[in-house]
Structures are given as structure tokens and as C-alpha cells.
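The chain is numbered in sequence order, starting from 1.
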Amino acid sequence: MLQMKKPATLVVLILFIFCALWTSHLHASVKTKNIPQPLTKALAEYKANGVKQFIKTLVKDGPMEGNVEIKTQIATLEKIELYYGKYQSYDILNIKRLSDSIRLVYLIINFEKGAVFGKLVAFKNKNKETVSSFVFHTKPEKVLPEALLISH
């Protein structure tokens, strides 16, 4: 059993634990707030139907739909799956509103043996939101801004 020499030390310890728990709750609630609908649909497709359907759903109705680059993105994620295993889940690290029509989304895609880091641009025109660009990489420093890397 932990022996406390002063009641003030106990109060400080309790306050520290309370603050740590309180801020971790706030941090967790930010992760799932206002995820762009194309991304949530695409991640559900990834779980159910694999990487090809994930990418196709992610770019649906956006400027990248039908783009040759999509085949490269599919091949890249398929190659990652060879080493990292199957898709398991995702975490939203940050959603940054740049304007009324543009949001940057930083996420982690969790596989069986590792994680992939992603960034996408969500564009809203009237009532429809699409993904206008995205990038995924196994190295966080290639995708995530330094401020986000430091803050986590």
C-alpha cells in the first residue's frame, strides 16, 4: 500500500489522475466527431469487401473517380496488406476545417500487424461532400504534419 506523508500530496495525486482521465476523454471524443460521410462509407466497404471497393467508394462522385491514379492507390494498399495483414479498424486523429468547403482528415488504418497513416481532403459543394484527394503511407512522417506527430 502506498504511504502518503502529507495530505496535500494525496490531493495533488488525485487531481493529476482526474485531469489525465478527463483530458483523455476529451481527446477520444474529437477522434470520431464529424467524419466525412464518403470516408465512413468507404471504411465500411473496406471491412466488408476489401481494398478495391474501399478506394472506389472513397472517390465516388469526386474528381478522382475514374482517374488512372486510383489503380496505383489500390495496388499500394494491396501490397501493404501482404505485409500488414487484413484491415481491422481505423482511428481519426484530427479533422481540420480549412474553409466552409474544405476539411483535412488525418487517420490511422489499423491492420493485423501494423498501421497505415492517411490524409484526405474532403470537399463540400452545397449538400454533397466528396473526397478530392488522399494519400496513405506506412511512415507517419510522410503523411502527418509535425504538429500532429508531436501532440500525440
Side-chain angles (χ1 to χ4, degrees), residues 13-152:
L13 180 62
I14 290 171
L15 284 173
F16 177 75
I17 292 170
F18 173 76
C19 288
L21 292 173
W22 182 65
T23 57
S24 67
H25 170 71
L26 288 177
H27 182 69
S29 65
V30 171
K31 290 183 180 181
T32 57
K33 184 180 172 187
N34 298 320
I35 301 171
Q37 190 175 24
L39 179 58
T40 56
K41 285 182 178 180
L43 289 164
E45 283 294 329
Y46 201 165
K47 191 77 163 176
N49 300 309
V51 67
K52 287 180 185 174
Q53 198 57 43
F54 166 65
I55 297 293
K56 287 179 182 180
T57 304
L58 190 63
V59 300
K60 186 173 179 5
D61 298 327
M64 294 180 71
E65 186 173 36
N67 188 318
V68 174
E69 183 183 327
I70 297 306
K71 291 179 182 178
T72 304
Q73 295 290 339
I74 291 170
T76 299
L77 283 175
E78 286 175 337
K79 190 172 186 178
I80 288 170
E81 285 181 339
L82 288 174
Y83 298 101
Y84 282 52
K86 292 185 183 231
Y87 165 78
Q88 300 295 303
S89 63
Y90 69 92
D91 296 305
I92 302 296
L93 293 175
N94 190 292
I95 299 175
K96 175 73 175 166
R97 180 172 296 285
L98 297 181
S99 70
D100 288 342
S101 59
I102 300 288
R103 294 192 290 162
L104 290 179
V105 180
Y106 296 97
L107 71 148
I108 298 173
I109 299 176
N110 300 300
F111 294 86
E112 292 171 316
K113 298 178 185 175
V116 171
F117 303 88
K119 176 178 84 171
L120 63 88
V121 177
F123 175 74
K124 188 171 186 177
N125 186 3
K126 298 181 184 177
N127 293 328
K128 182 138 182 108
E129 192 166 32
T130 60
V131 172
S132 59
S133 68
F134 63 90
V135 62
F136 298 106
H137 205 287
T138 56
K139 296 181 180 178
E141 66 275 10
K142 298 286 186 181
V143 176
L144 305 178
E146 187 175 343
L148 193 56
L149 291 169
I150 293 170
S151 70
H152 277 73

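Between the CG atom in Asn94 and the CG atom in Leu148 there is a gap of 5.5 Å [rounded to 0.5 Å]. Rounding to the nearest 0.5 angstrom, the gap separating the CD atom in Glu45 from the OG1 atom in Thr40 is 11.0 Å. The OG1 atom of Thr57 lies 10.0 Å from the CG atom of Leu43; values are rounded to the nearest 0.5 Å. Going from atom OG1 of Thr76 over to atom CD of Glu69 covers 9.5 Å, rounded to the nearest 0.5 Å.
In this structure, Lys60 and Thr130 approach most closely via the heavy-atom pair O-CG2, 4.1 Å. The two atoms that bring Ile95 and Asn34 nearest to each other are CD1-O, 3.5 Å, heavy atoms only. Here the shortest heavy-atom pairing between Leu77 and Ile55 reads CD1-CD1, 3.8 Å. Across Ile70 and Met64, no two heavy atoms sit closer than the pair CG1-O, 3.4 Å.
Looking at Leu149 and Pro140, their side chains come closer than 4.5 Å, going by heavy atoms from C-beta outward. In this structure the side chain of Tyr84 reaches within 4.5 angstrom of the side chain of Thr138, judged on heavy atoms.
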What side-chain donor-acceptor pairs closer than 3.5 Å can you find for residues 104-126, not counting sequence neighbours?
from, atom 1, to, atom 2, distance (Å)
Asn110, ND2, Ser89, OG, 3.2
Asn110, ND2, Asp91, OD2, 3.1
Glu112, OE1, Lys86, N, 2.9

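Residues passing the salt bridge (Lys or Arg N to Asp or Glu O under 4.0 Å) test with Lys71: none are found, sequence neighbours excluded. Every residue meeting the ring-ring contact (aromatic ring centres under 6.0 Å, His included) condition with Tyr87, not counting sequence neighbours, appears here in chain and number order: Tyr46. Taking the salt bridge (Lys or Arg N to Asp or Glu O under 4.0 Å) definition, one finds that Glu129 meets it with Arg103, sequence neighbours left out. Residues passing the ring-ring contact (aromatic ring centres under 6.0 Å, His included) test with Tyr90, sequence neighbours excluded: none.
The stretch residues 134-150 participates, sequence neighbours left out, in no salt bridge (Lys or Arg N to Asp or Glu O under 4.0 Å) pair at all.
Atom CD of Gln88 is surrounded by more than 12 heavy atoms from other residues, nucleotides or ligands within 6.0 Å.
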